[in-house]
2 protein chains.
Amino acid sequence: MRPKNLAKEQAIRTIALQIIAEEGLENLSMQKLAKAAGISPRTIYIKYENKEDLLIKLYIEEVLGDYEKALLENFHSEMDFAEGIKKIWLNSFRYLSANRHAFALILYGKSSPLLNRAYQQKNIAEGDYFKPIRSFLELNKVRGIITDFPHDVYRALLFSPLFDLVTEYFDHMDRPRQIITEQTLASCCEAVIKGMLI
Amino acid sequence: MRPKNLAKEQAIRTIALQIIAEEGLENLSMQKLAKAAGISPRTIYIKYENKEDLLIKLYIEEVLGDYEKALLENFHSEMDFAEGIKKIWLNSFRYLSANRHAFALILYGKSSPLLNRAYQQKNIAEGDYFKPIRSFLELNKVRGIITDFPHDVYRALLFSPLFDLVTEYFDHMDRPRQIITEQTLASCCEAVIKGMLI
DNA sequence: TTATTAAGTAAATGTTTATTTACTTAATAA
DNA sequence: TTATTAAGTAAATAAACATTTACTTAATAA
C-alpha cells in the first residue's frame with residue numbers, strides 16, 4: 001500500500017490557514033486551496049469528508065488544540081494568582097503572535113456560526129473551557145483572593161482584552177508605527193488582575 | 001420618474017443581516033438574498049456597486065453607525081468616571097441584545113479582512129474611535145483618576161469583555177439555562193472600572 | 001516478481017455564484 | 001395626454017464552486 005505523504009497533509013493545513021488569514025474564510029475554496037498547496041482537489045478528500053469537515057477539524061483539532069497546549073505551558077492551578085494570570089497572558093501572546101494565521105481562524109471561531117457551533121459541541125463534550133484555568137480560578141475564589149464572579153465573567157476578563165490587543169498588534173505591524181509591545185500587554189494584564197482581586 | 005421603494009432597500013439590509021447571523025457571512029449570496037427579500041437580484045445593484053460594496057456599507061454605515069449612536073446616548077465626556085463607563089456598557093448591551101443580527105456582522109468585522117480593512121480606513125479618515133469616549137478617557141487620565149495606558153488598552157478593557165458577554169448572552173438564550181443577565185454584566189463592568197482606577 | 005491497495009492525479013460533473021442583458025413598470029414634467 | 005426616466009423584473013451569462021469519476025502511482029505482502 002502506498003503510504004501517506006505527510007508533507008501534503010501539512011501543506012493543506014498551512015495553506016488553508018494562510019488563505020483564511022489573508023483573504024478571509026469567505027474566500028477559501030477547495031480548488032484554490034488545492035492549487036496553492038500543489039495537489040489535486042481529490043487529495044483533500046482523503047483526509048476530510050468535505051469543506052465543513054476540513055474547517056471544523058482545522059479549527060478544533062489543529063488550531064485550538066495547539067493554542068491550548070501553548071497556553072498552559074508551565075502553568076499550574078496552585079500558582080500565585082497574579083503569576084498565573086501573567087503566565088497565561090504571556091504564553092498566549094507568544095503563541096498567537098508567532099502563529100498569526102492560526103489566530104485568524106480563532107477570530108472566525110467567534111463569528112462563523114459553523115465554527116461557533118463546533119466549539120459549543122466540543123465544550124459540551126469536554127467541559128466548558130481549559131480545566132486547569134477553571135480550577136485555578138475556583139481555588140482563588142474560595143481562598144477569598146478574587147471576587148466571586150460567574151465563570152463567563154472570568155473568561156471575558158481574562159481572554160478578550162488579550163485577543164483584542166493581539167489583533168491590534170498585528171494591525172500595527174502592517175502599518176508604519178508599532179504601538180503594541182509586550183510591555184503594553186503586561187500593563188493591560190495588570191489592570192485585569194486588579195479588577196479581579198478582592 | 002419612478003420613485004424608489006424604500007421598503008425594498010430596508011428589506012435588503014434586514015435580510016442580509018439575518019442570513020449573515022443565521023448562516024454566516026460565507027453563506028450569503030446575492031441570489032439567496034434577493035430571493036429571501038422578494039426582489040430581483042438586479043435591484044440590489046441599484047444601490048450597491050457589488051457584493052463587497054454592500055457588505056462594507058452595511059457594516060460601516062448601517063450597523064456601526066447605529067451602534068455608535070446608541071452607545072453615546074446620554075453620555076458626556078465630563079461625566080463621573082464610573083458613571084460614564086456604566087452608561088456605555090448599559091447602552092451597548094441594550095442595543096446589541098436588541099439587534100443580534102447587527103451584532104453578528106460586528107463580530108465578522110473583527111475576523112473578515114474585507115470588513116477589517118474598511119474599518120481601518122474609516123478610522124484613518126474620521127479618527128481612531130468614538131471621540132467623546134476618547135476625550136472622556138483623556139480627561140480622567142490627566143485628572144489622575146485612571147492609570148495612564150495607551151488608548152488601545154483602554155479600548156480593549158472597555159469593549160472586548162462586554163462583547164464577549166453579549167456573545168455568551170445569545171448562546172445561553174439558544175440553550176435551556178440563561179446565565180448572563182444585566183446584573184452579570186454590571187459586575188463585570190465594576191471589575192473593568194476597578195482595573196482602570198489608580 | 002507480482003497482486004493488492006490506498007494515495008494521488010487530471011479532468012469532468014452538475015450546481016451555484018456574481019453580475020448583466022433585455023425588457024417592463026410607474027411615476028413625473030412637459 | 002404622453003415622452004421620459006429611473007426603478008424594477010425575469011432570465012441569461014460566464015466563471016467559479018464543491019465534489020466525483022476514471023485513471024495512475026508507489027509502496028507492501030505474498
Side-chain angles (χ1 to χ4, degrees), chain A residues 1-62 105 108 112-115 117-118, chain B residues 1-62 105 108 112-115 117-118:
Chain A
M1 189 185 85
R2 185 175 176 177
K4 251 181 211 181
N5 185 339
L6 293 175
K8 279 177 185 173
E9 285 196 354
Q10 185 56 53
I12 292 170
R13 291 192 289 265
T14 307
I15 307 280
L17 290 179
Q18 190 187 332
I19 294 173
I20 291 166
E22 288 170 1
E23 303 177 44
L25 187 58
E26 57 278 27
N27 292 308
L28 174 72
S29 85
M30 299 299 260
Q31 297 184 107
K32 191 191 275 184
L33 170 56
K35 195 167 192 179
I39 55 165
S40 159
R42 183 71 183 78
T43 306
I44 302 169
Y45 292 87
I46 294 171
K47 175 127 200 214
Y48 305 101
E49 241 179 72
N50 51 41
K51 194 183 176 183
E52 292 203 347
D53 185 48
L54 164 67
L55 291 174
I56 289 171
K57 286 197 173 130
L58 205 56
Y59 176 54
I60 299 288
E61 291 172 21
E62 299 301 324
L105 185 57
Y108 268 107
S112 156
L114 175 75
L115 299 181
R117 241 179 283 127
Chain B
M1 190 184 89
R2 183 175 177 176
K4 250 181 212 180
N5 185 339
L6 294 175
K8 279 177 185 173
E9 284 196 353
Q10 185 56 53
I12 291 170
R13 291 193 289 266
T14 307
I15 306 281
L17 290 179
Q18 190 188 332
I19 293 172
I20 291 165
E22 289 171 359
E23 303 177 45
L25 187 58
E26 58 277 27
N27 291 309
L28 174 72
S29 85
M30 299 301 260
Q31 298 187 108
K32 191 191 276 184
L33 170 56
K35 195 167 192 180
I39 55 166
S40 158
R42 184 71 183 78
T43 306
I44 303 170
Y45 291 87
I46 294 172
K47 175 127 200 217
Y48 304 102
E49 242 181 71
N50 50 42
K51 193 184 177 184
E52 292 202 347
D53 185 48
L54 164 67
L55 291 173
I56 289 171
K57 285 194 173 132
L58 206 56
Y59 176 54
I60 300 288
E61 292 172 18
E62 300 300 323
L105 185 56
Y108 268 109
S112 155
L114 175 75
L115 299 181
R117 242 178 282 127

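Convention: sequence-line order gives letters A, B, ...; per-chain numbering from 1.
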* Approximate separation, where rounding is to 0.5 Å, of B:L17 CG and B:I20 CD1 -> 5.5 Å

* B:T14 and B:Q10: CA distance, side-chain angles, deciding distance, side-chain hydrogen bond (donor to acceptor under 3.5 Å, both in side chains) verdict -> CA-CA 6 Å; B:T14 307; B:Q10 185 56 53; 3.1 Å; yes

* State, yes or no, whether a side-chain contact exists between B:I12 and B:L54 at a heavy-atom distance under 4.5 Å. => yes

* Asked: Can you check the B:I12 CD1 to D:dA7 C1' distance for me, whole Å?
  -> 12 Å

* To do: Round to the nearest Å and state the distance from B:L6 atom CG to C:dA26 atom P.
  => 17 Å

* Structure fact -> Output field dot_bracket for DNA chain C (Watson-Crick or G-U, both distances under 3.5 Å, | for other-strand pairs) contains ||||||||||||||||||||||||||||||

* Asked: B:L54 has an atom CG; how far is it from atom C1' of C:dT17, in whole Å?
  -> 15 Å

* Under 4.0 angstrom, heavy atoms only, what part of the nucleic acid is A:L33 near: base, sugar-phosphate, or nothing? -> nothing

* Structure fact -> Shortest non-hydrogen pair, A:N50 vs A:Y45, comes out as CA-CE2, 3.9 Å

* Point-to-point distance, once rounded to the nearest 0.5 Å, from CD1 of B:I44 to CG of B:D53 -> 12.0 Å

* Asked: Tell me: CG of A:L25 to P of D:dA18, nearest whole Å?
  -> 11 Å

* Asked: Taking everything shown except A:E52 itself, do over 12 heavy atoms lie less than 6.0 Å from its CD?
  -> no

* Examine D:dT9: is either OP1 or OP2 under 4.0 Å from a nitrogen or oxygen in the side chain of B:K8? Give yes or no. => yes

* Asked: Heavy atoms under 4.0 Å, any strand shown: does A:I44 hit a base, just sugar-phosphate, or nothing?
  -> nothing

* Quickly work out the B:N27 CG to C:dT17 P distance and round it to whole Å. => 9 Å

What does the list of N/O pairs under 3.5 Å between the protein and nucleotides 10-15 of chain C look like, with a distance for each?
| residue | atom | partner | partner atom | Å |
| --- | --- | --- | --- | --- |
| C:dA10 | N7 | A:S40 | OG | 3.2 |

* d(CD, A:E52; C1', D:dT19) in whole Å -> 14 Å

* So does B:R2 reach the base of D:dT5 with its side chain, donor to acceptor, closer than 3.5 Å? -> no

* For D:dC17, take OP1 and OP2 only and decide whether either is under 4.0 Å from a side-chain N or O of A:S29. => yes

* Euclidean distance, atom CG of residue A:N5 to atom C1' of C:dA7 [Å, nearest integer] -> 9 Å

* Can you measure from CG (B:L28) to CG (B:L55) and round to the nearest 0.5 angstrom? => 6.0 Å

* NA contact type, B:T43, heavy-atom cut-off 4.0 Å: base, sugar-phosphate, or nothing? -> base

* Asked: Is it true that a side-chain atom of B:Y108 and a backbone atom of B:L25 form a donor plus acceptor pair closer than 3.5 Å?
  -> yes

* May I ask you to check whether B:E9 and B:Y48 show a side-chain donor-acceptor distance below 3.5 Å? => no

* **Distance in angstrom units between A:E26 CD and C:dA18 P, rounded** => 12 Å

